[in-house]
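Inspection log for the structure reproduced underneath, given as C-alpha cells.
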Amino acid sequence: MSRRSDLARYLASRLALAPVMLWLIASLVFLLLRVAPGDPIDALLGTRAPEAARAALRAQLGLDRPLAEQYGRFLGHLLQGDLGQSLTNGEPVTRLIQASLPASLELGVVALLLAAIVGLTVGFSGIARPEGRLDLAGRLYGIGTYALPPFWAAMVVQLVFAVWLGWLPVGGRFPATLMPPQGTGFYLLDSLRAGDWQQLGGSLRHLVLPAATLGLLLSGIFTNALRLNLRRALGSDYVEAARSRGLSERRVVLHHALPNALLPVLTITGITVASLIGGALLIEVTYSWPGIAFRLQEAIAQRDYPLVQGIVVVVAALVVLVSVLVDLVVALLDPRIRF
Amino acid sequence: MVASFATLLLALPLLAACQPTRSSQSLIVATKSRIDSLDPVQASRIGVMQVLSGLGDPLYAIDSNGRLEPRLATALPRLSDDGLRARIPLRRGVLFHDGTRFDAAAMAFSLNRFKAIGTLGYQLGERVESVRVIAPYEIELLLKRPFTPLPRLLSAIFLTPVSPTAYQRHRDKPLNDRFVGTGPYALAFFGGQQQRLTPWPRYWGKRPANAGIDLVTLSNSTALFGALRSGEVDLLLNSGLEIDHQQALHRDAAAGRLREAIGPSQEITLVSLLSDQPPLNRTVLRQAVAHSLDRATIVRRVTLGLRSPQRQLLPPSLPGSDPTAWPAYDPAGARALYRQAGYCRGRVLTLPLTYRSDIPTDRLFALTWQAQLRRDLGDCVTLEVNGMEATTAYSQLDKGALTMLFYDWIGDYPDAENFLMPLLSCSKAEGERCLKGNSVLGGSFWTAPGLEAELQRSSQLDGPERVALLVAIQRRVAAASPYLPVWLSAPTAWGGLGVSQPRFDGSGRVLLGELRRLPAAAGARLP
C-alpha cells in the first residue's frame with residue numbers, strides 16, 4: 001500500500017476516534033463537576049437565601065433533575081452543537097467561548113512566535129563552538145526559563161515594566177479609553193482591517209507583556225530541543241558524509257543538519273500549541289487577560305457547570321485538531337515516517 | 001542572543017511612547033469584580049451594584065450621613081393603618097435612557113420583573129405580595145406582613161427601575177449587555193472587562209461633574225495596585241485588593257500622595273459556632289470561646305489595623321447597633337469558663353476551625369488566632385485549622401459539617417433586619433436547636449424560644465422601641481454566642497491627586513457623579 005493511502009487511513013482513524021475522545025472527556029468533566037463539593041446555587045445566591053428561593057432557582061436551572069436526566073440532556077444538546085447556557089448570566093456558552101477564545105489564541109500565537117524566534121536563535125547560537133561560552137549560556141537559558149515559575153516571572157515582569165517603569169499597561173487587553181475593535185475578536189487583526197492605528201497601538205501595548213512573558217517561558221523548550229537535536233544531527237553519518245564531500249560547515253549545518261533537527265522541534269511546537277490553548281492560565285490571571293483559561297477558572301469557582309463543560313469540550317477538540325495537523329505536517333515533511 | 005534581548009528591551013520604551021492619549025476627560029475606575037451582566041435582576045455582587053448606582057436611581061437613597069432621602073419617590077411610603085399597604089408617590093419628569101417616560105407602570109413593571117426572575121428576588125418576594133399601579137405616578141405595595149424597613153429595602157440599587165419598552169422582550173429573562181434606566185449615566189459600552197458610562201444629558205437630577213466613567217476590571221491585587229501607582233487608572237476600589245497593598249495605599253494617602261475615602265461598612269466577618277453538636281453544644285464552651293478572641297491583636301496583625309474589631313452583628317452605622325454586645329477579650333474569664341466545662345486541668349479542648357483557603361486574610365486569621373490561643377490558653381484549648389475553598393465550605397455549612405467556619409456576611413441593604421434575620425431566623429426549632437431556617441444556613445443551628453417572634457417584631461417596629469428591641473436581641477444572642485463577630489470591613493477607594501476627593505453614599509458606593517478631574521495634577525504619577 002502506498003504511503004499516501006497509509007497517511008489517509010491514519011488520519012481517518014484519528015478523526016474517527018476524535019468524537020469518542022470528546023465524549024469521554026465531556027462525560028468525565030460532567031461527572032467530576034457533580035462529584036466535586038460545592039453548589040452553583042451557593043455561588044449564585046450566597047449561603048443564606050431562603051430554601052424556597054434556592055429550590056426555585058435549582059428547578060429553573062434544571063439542577064433538581066436526576067443526574068442521568070441531566071447527563072442525557074447535556075449529551076443530546078452537545079450532539080446538536082448546543083453547549084447550553086451559563087448558570088451565571090444565562091448567556092449561551094458558545095457566545096461566551098467566542099468572546100474569550102480569540103484572546104487566548106491571539107496571545108498564544110504571538111507568544112509562540114516570540115518563543116520560537118528567541119528560543120531557536122539562542123539554541124542555534126552556540127552550535128559553532130559546542131561547550132563554548134555561548135553554548136553554555138544557551139544551555140543555562142534553556143534550563144532557566146523552563147524552570148521559572150510562571151506566576152513569579154509574570155509578576156516580576158509586570159512590576160518592572162508596568163509599575164516601576166510605567167512603560168506598558170499592567171493588565172487588560174485594550175485601553176479603557178478606547179472602544180475595542182469590532183470583528184473577529186482578534187484585536188490585532190481587527191485593528192489592521194479597520195486601518196485604525198490607535199487601536200492597533202493600544203492592542204499591541206497590552207499584548208507585549210503577557211506575550212513576552214509567555215514567550216520567554218516557552219522559549220527554553222525550543223532552545224533545549226534545538227540544541228540537543230542539532231548536536232545529534234551534527235554527529236550523524238549523513239553529516240559526516242557531507243563534510244567528507246568537502247561541503248562548507250555553513251552548508252552542512254544549514255542544509256543538512258538543521259532541517260533534520262527541526263523536525264522534532266515541530267512536534268514539540270504542536271504539543272506546546274495544544275497546551276497553550278488552555279494552559280496559559282497563570283499568565284492570563286496575572287495580566288487580567290480575558291482569555292479562555294481565565295474564564296474557565298472563574299467558571300470553576302462559580303460552579304458554572306455548562307460553561308466549564310463547554311470550555312473543556314472546545315479546548316479538547318482544538319487540542320485533537322492541532323495534534324492531527326501536526327502529525328500531518330510532520331508526515332509530509334519527513335518521508336521516513338511510517339504509520 | 002544579547003543583541004536580540006537588547007532589541008526587545010529597546011522596543012518596549014518605543015511602544016510605551018505610543019501610549020494613546022486619553023481620548024476625553026473621562027475617569028478610569030478599576031475594580032476586581034468582573035461584570036457578566038448589568039441587568040438588575042442578575043445583580044448580587046458589589047462590583048455590579050457600584051456600576052448600577054451610576055446607571056440607575058433607586059426609589060430612596062441613603063446619604064453619607066445615613067439619612068434616607070427620596071430619589072425616584074417623592075416622599076416616604078404612606079402606610080395603611082394595618083401596615084400592610086404602602087403607597088409611594090413617584091417623581092414626575094424623569095426619562096429613561098431610551099427617552100421613554102418613567103411612571104408608576106414602569107416602576108411596577110420593574111419590581112414585578114425583579115420579584116419574578118431576580119437573583120435576589122426573594123428579598124422583595126418574601127415581603128411584598130404584589131405591586132399595583134394606583135395612579136399614573138403612584139404605586140401601592142401590598143406587604144405580606146408589616147415591614148418598617150421598607151424604604152431601606154427600596155434603597156437597594158438592584159430595585160432600580162428599567163424601561164419597560166427596552167426590556168419588553170426580556171420580561172422573563174435577563175438582558176445582560178444593556179442597561180436602560182434613569183440614572184445620571186447611560187451605558188455606552190459593555191464588555192466583561194470594561195464598561196463605559198457617559199453622562200445622560202436629560203437626567204432629571206444633578207448632572208455628573210465628569211465627562212464619563214470608564215470602568216475596568218483587573219483580575220488580581222498586584223495589577224490593581226500597580227495600575228493606580230502607575231497612573232493608569234484614576235480611582236481604585238478596594239474590593240479584591242490584598243491587605244498589604246491596601247496598607248501601602250493607606251500610607252501613600254497619609255503622606256498626601258493620593259486620596260483615600262472610607263465608606264460605611266456593610267460587611268461583617270465572623271466565626272460560626274456549630275451549636276447542635278459536641279463540643280460547642282454547651283453554652284459555657286461557646287462563651288469561653290467568645291472570651292478567648294483577642295480581636296485587637298488579631299486585627300492589628302492580620303489586617304494591619306485596616307479593619308475594626310467588631311463585637312456585634314450589626315455595622316455600627318445602623319440603628320440598633322450595640323458595639324459591646326459580645327464580651328471583650330478576657331483570658332482569665334475564658335480560663336474560668338473552660339475550667340467550668342471540665343478543661344484546662346490536663347485536658348485540652350481541640351476545636352476545628354475552617355477558613356476559606358482562597359482568601360489570603362482568612363488563613364492569616366486562622367493561624368494568628370491559633371497562635372494567640374496557644375500563647376494565652378494553651379493548656380485549655382487548641383485550634384486545629386483547616387483550609388477549604390469558599391464554595392465548598394458554604395455547601396458544607398448547612399450540613400453541620402463545620403464546627404467553626406470563618407466567613408463574612410454582606411448586607412444587601414443597610415438595615416439591621418438584613419443582618420440579624422439572615423444569621424438568626426429559624427422557621428422550625430426544637431428547643432435551642434434550629435432545624436430549618438437561616439440559622440441552619442449560617443452554620444450555627446442555634447435559636448432560642450421566642451427569638452423568631454422578636455426578630456419578626458423588630459421589623460414591624462420603628463424608632464426607639466425598635467432600637468431597644470434590636471439591642472436586646474443582640475445581647476441575648478451574644479450570651480449564647482452561636483456566632484463570634486471578629487471584624488468589620490469598610491469599603492475604601494483610592495484616587496490619584498488628579499481626581500477630586502471621592503465620597504461614599506450611605507449604602508457604601510462611591511458617588512461616581514461627584515468625581516472630577518483636577519487639571520493641575522492631571523496624569524500625575526505617584527513617586
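Lettering of chains follows the sequences in order, A, B, ..., and the numbering in each one begins at 1.
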- prompt: Is A:D64 salt-bridged to A:R58, cutoff N-O under 4.0 Å?
  reply: no
The interface call for B:E126 against chain A, heavy-atom contacts under 4.5 Å, is side chain
When the 4.5 angstrom heavy-atom criterion is applied to A:L96 and chain B, the contacting part is neither
Next item on the list: Return the orientation label for the B:F225 and B:H245 ring planes: parallel under 30°, perpendicular over 60°, tilted otherwise.
Entry: parallel
Of A:A301, A:A56, A:G90, the largest count of non-hydrogen pairs under 4.5 angstrom with chain B goes to A:A301
Could you go through A:R95 and B:D177, starting from their C-alpha distance and side-chain angles, then the distance that decides it, and tell me whether this counts as salt bridge (charged side-chain N to carboxylate O under 4.0 Å, His left out)? CA-CA 12 Å; A:R95 193 185 298 169; B:D177 55 358; 5.4 Å; no
Review point. Taking 4.0 angstrom as the limit, do B:R45 and B:D36 come out as a salt bridge?
Key: no
Per-residue tally against chain B (heavy atom, under 4.5 Å) across A:Q302, A:E91, A:R295 peaks at A:R295
The interface call for A:Q158 against chain B, heavy-atom contacts under 4.5 Å, is side chain
Answer key: most heavy-atom pairs under 4.5 Å with chain A among B:D398, B:L218, B:V216 is B:L218
Turns out that what part of B:T119 lies under 4.5 Å from chain A's heavy atoms comes down to both
Chain B shares the most heavy-atom pairs under 4.5 Å, among A:G171, A:A176, A:P169, with A:A176
Note to self: Is it true that, when you exclude B:K144 itself, more than 12 heavy atoms of the residues, nucleotides or ligands shown sit nearer than 6.0 Å to its NZ?
What the structure shows: yes
Ring-plane angle category for B:W409 and B:F419, please: parallel below 30°, perpendicular beyond 60°, tilted otherwise. perpendicular
Highest number of heavy-atom pairs under 4.5 Å with chain B among A:R173, A:M155, A:M179 belongs to A:M179
If one checks every heavy atom of A:E298 against chain B at 4.5 Å, the contacting part turns out to be side chain
Worksheet item: Should the pair A:R303-B:E389 be classified as a salt bridge under the 4.0 Å nitrogen-to-oxygen rule?
Response: yes
Any carboxylate oxygen within less than 4.0 angstrom of a Lys/Arg side-chain nitrogen, looking at B:R178 and B:D39? no
When the 4.5 angstrom heavy-atom criterion is applied to B:T217 and chain A, the contacting part is backbone
Okay, B:A188 and chain A: the region with an atom under 4.5 Å from a heavy atom over there is backbone
